[in-house]
Amino acid sequence: MIIAAAPVLSPSAGYVMLVLFGVLWIGLGIWWGRRAKSYDGFAVAGRNVGLALGTATAVATWITSNTTMLAPQFALQWGLWGALGYATASFGLFAFAPMSGRIRKLMPTGYTAVEFIRRRYGMAGTIPFLIISLFYAIIWLITMSMAGGKLLFVLSGIPYEVGMTVVVVVCVLYTLFGGMYAVIGTDFIQSIIILVGLVVVAVAVLMHVDIADVHQELSVERPMLLSVFFPAAIMSLFNNMLFSFGEIFHSNVWWSRAFAMREGVGPKAYALGGLLWLPVPIVAGFLGLAAPALGIGISQPDTVGPLVAATLLGTGGAMLVFVVVFCSLASSIDSLLAATSDLIVNDIVEPVLPGRAGSQAKRRWSAIAIVLLGVLAWSAALTSSGTLAEVLFSAGPLVGSCIWPIVCGLYYRRASPLAAALAMVFGSAVGLTVYFTIGWFVASLVGAAVSGLFFLIGTWISPDDFDFDSLAGTSDELPTEQDEFELAGVEQG
Amino acid sequence: MRICHEGKWSCNDWMHFPTLLLTLLLLCQVSPVSGKGPSVDNRPPATAELKFAKTAFERSRAGYVGLEWNTLEAAAEYVVTDQRGQAVYRGTVPIAFVSGLPDGQHTFWVSATDADGEVLAVATEPAILNVQHWPLSLALSLFGVGLLVFLTLVAILFFGARQATQRDRQLAASDAAAGEASE
């Protein structure tokens with residue numbers, strides 16, 4: 001039997017839920033934003049985030065639209081290997097756990113990943129790293145904005161352009177008001193909603209589906225999805241894992257959280273976050289595998305997960321999926337807006353402006369950067385027609401080439417600026433070539449491998465003898481008299 | 001309307017710019033949008049004939065394909081069948097995604113039915129896809145490279161973290177010794 005693919009919720013139900021959650025997130029953003037008076041509060045939540053909030057923000061941020069929508073797509077396209085391959089992205093969180101402790105220790109007053117690269121490798125490493133970081137952040141923002149529009153269209157028939165616009169505007173507004181306090185606070189609530197929602201969806205789907213039937217149907221109709229020797233899927237396994245390593249290691253989304261957590265909290269929070277995240281893509285991936293077996297007609301592969309859950313579970317299921325995916329989208333878009341605005345303020349605006357910027361000036365620039373990023377993501381998502389995977393994975397070889405400069409730069413004094421620059425430039429170039437000639441499913445792997453090779457050569461040609469104590473920097477992040485004056489002005493109204 | 005109040009927010013002149021931008025964004029939200037999105041609004045105008053947008057595809061290396069065809073005004077549902085007559089898609093959207101196909105030639109037909117299930121039209125020409133998966137030797141070689149990169153990374157992280165811990169301990173011990181000596 002084939003089940004017709006069509007929206008399950010009515011557009012009016014979709015609009016009501018959009019308004020409800022939009023108002024809730026913006027309200028919470030304003031509430032938490034009361035504490036974000038200084039730039040330190042706005043950018044890194046006062047550097048005092050504990051284990052519960054730290055774990056929740058790691059889970060919520062990493063459960064993106066890409067987890068709830070791309071993991072099922074991977075299973076639909078690459079079969080069992082696809083679902084398992086996506087789950088290996090949790091290894092990135094495990095690997096970043098010890099690194100987050102080291103980052104917090106080496107840079108107790110730091111704000112961004114680019115700041116680390118600047119102090120560690122100078123301009124030679126900073127320029128390619130900054131370009132890669134900005135490119136990735138913007139691509140990620142665009143894919144999630146697109147996911148918001150697609151989700152609302154698939155589940156409720158709300159036009160793509162309208163749904164996408166509302167998702168972006170809501171996230172921009174509450175991040176604008178609350179900064180990192182609002183991001184981490186809403187992440188806590190969103191992570192609970194996402195995890196409970198996914199458990200309910202998984203149990204409900206399993207009650208509707210017989211796994212033996214799914215297996216039988218797939219082995220006859222779509223044999224490659226169950227094949228252990230599915231060549232493209234085998235190739236994509238380590239590609240996905242290394243892509244996730246590159247994403248987490250280089251992205252300021254994760255570094256800003258490492259700076260925001262209390263000392264000693266980061267390693268535990270990221271490891272726990274990885275454990276909680278691990279089963280999510282497997283559950284979501286099962287929905288993708290179930291689609292052909294159940295005969296659910298799929299038009300766009302990246303909407304298969306929500307569509308299967310909504311089709312099987314009816315209106316209640318569609319509403320639950322709507323809430324889960326909306327939370328996963330919001331929790332990642334807000335994180336990206338906040339972290340990328342930090343990067344723009346600290347690593348682009350502040351260095352080019354004369355004099356020392358005060359706390360309130362940086363807070364102001366952050367707000368402007370958040371709005372501009374929102375406008376950019378919105379306009380790009382409006383005109384983009386590629387699938388989520390194609391758009392997102394174009395950044396794969398770039399972030400894959402950042403793995404070695406980050407890891408070795410954190411732990412080994414011999415890692416040098418030449419090695420970092422060679423690794424990022426050649427890893428990205430060769431990886432992108434492979435992306436266009438073979439496909440995205442090997443590009444990150446090739447980018448990471450080539451980058452590692454060039455990093456080794458660069459270190460051998462020109463080894464460094466870096467003093468890690470210099471990463472702590474001067475006191476230029478600490479509040480100056482001007483900051484204190486501005487702060488006092490705010491408090492007095 | 002003010003969105004902030006003196007004493008509660010740092011409500012300076014700079015707020016006017018983002019407020020204006022946000023207002024513009026909200027206006028855009030309720031205005032008709034002319035951009036090209038992945039919704040089905042860009043479908044071609046309906047004709048009486050049912051036709052795949054593309055009938056011959058490049059060789060597929062991963063065993064999946066996206067099929068697209070024109071819309072029919074009176075159609076309530078579209079059905080895509082393969083060479084065995086098995087339905088692989090049924091839906092209201094004139095796009096079908098089919099995956100998990102083994103090596104070989106695959107032929108697809110599309111038909112449109114009305115609300116009563118009567119067939120309105122059948123595609124005049126089938127869509128033909130040749131699937132030839134990547135050689136397994138290439139896949140396994142890349143798997144091996146990936147495994148090597150992964151294991152190297154784990155080793156570097158492990159030894160790096162161990163060295164850093166040892167250095168920290170040594171520093172702490174020498175600091176403690178210096179403290180005792182000064183006392």
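Labels below follow one simple rule: chain letters A, B, ... track the order of the sequence lines, proteins then strands, and each chain is numbered from 1.
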Would the number of heavy atoms belonging to other residues, nucleotides or ligands and lying under 6.0 Å from CD of B:Glu58 be above 12?
no
Would you confirm whether A:Arg222, through its side chain, and B:Ser99, through its main-chain N or O, come within 3.5 Å as a donor-acceptor pair?
yes
At a 4.5 Å cut-off on heavy atoms, which part of B:Leu147 comes close to chain A: side chain, backbone, both, or neither?
both
If you look at every heavy atom in A:Val442 and B:Leu142, which pair is closest and at what distance?
CG1-CD1, 3.6 Å
Structural part of A:Leu237 lying under 4.5 Å from a heavy atom of chain B:
side chain
Choice from B:Leu136, B:Leu153, B:Val154 maximising heavy atom contacts with chain A below 4.5 Å:
B:Leu153
Do A:Met235 and B:Trp134 have side chains that get closer than 4.5 Å, going by heavy atoms?
yes
Considering residues at least two apart in sequence or located in another chain, which fulfil the side chain to side chain donor-acceptor pair (under 3.5 Å) criterion with B:Arg169?
none
Looking at B:Pro102, B:Ser141, B:Ala139, B:Ala96, which has the largest count of heavy-atom pairs under 4.5 Å with chain A?
B:Ala139
Engaged part of A:Ile234 at the chain B interface, taking heavy atoms whose separation is under 4.5 Å:
both
How many angstroms lie between atom CZ of A:Arg102 and atom CG of B:Leu157, to the nearest 0.5 angstrom?
11.5 Å
Which region of B:Asp103, side chain (C-beta onward) or backbone (N, CA, C, O), has a non-hydrogen atom less than 4.5 Å from a non-hydrogen atom of chain A, or is it both or neither?
neither
Proximal component of A:Met99, with respect to chain B [non-hydrogen, under 4.5 Å]
side chain
Structural part of A:Ile370 lying under 4.5 Å from a heavy atom of chain B
neither
Should A:Ser299 and B:Tyr89 count as side-chain neighbours, where that means a heavy-atom distance under 4.5 Å?
yes
So which heavy atom on A:Ala449 is nearest to which on B:Val145, and how close?
CB-CG1, 4.0 Å
Using a 4.5 Å cut-off on heavy atoms from C-beta on, say whether the side chain of A:Ile298 contacts that of B:Val98.
no
If one checks every heavy atom of B:Leu148 against chain A at 4.5 Å, the contacting part turns out to be neither
Chain A contact via B:Tyr64 - side chain, backbone, both or neither, heavy atoms under 4.5 Å
side chain
Chain B contact via A:Tyr412 - which portion, at a heavy-atom distance below 4.5 Å:
side chain
Given side chains that start at C-beta, do those of B:Ile156 and A:Tyr411 come closer than 4.5 Å, heavy atoms only?
no
Can you find a pair of side-chain heavy atoms, one from A:Trp404 and one from B:Thr152, that are under 4.5 Å apart?
yes
Show, in sequence, the C-alpha distance, side-chain angles and deciding distance for A:Lys105 and B:Asp168, and conclude whether the side chain to side chain contact (heavy atoms under 4.5 Å, CB included) test is met.
CA-CA 10 Å; A:Lys105 196 177 178 66; B:Asp168 290 345; 3.2 Å; yes
I need the B:Arg61 CZ to A:Ile438 CD1 distance, nearest 0.5 Å.
9.5 Å
CZ-CZ distance between B:Phe143 and A:Phe238, expressed to the nearest 0.5 angstrom
4.5 Å
Report yes if some heavy atom in the side chain of B:Arg167 is under 4.5 Å from a heavy atom in the side chain of A:Arg413; otherwise report no.
no
Atom CZ in B:Phe150, atom OG1 in A:Thr88: separation rounded to 0.5 Å?
8.5 Å
B:Phe97 side chain reached by A:Gln300 side chain, heavy atoms, under 4.5 Å
no
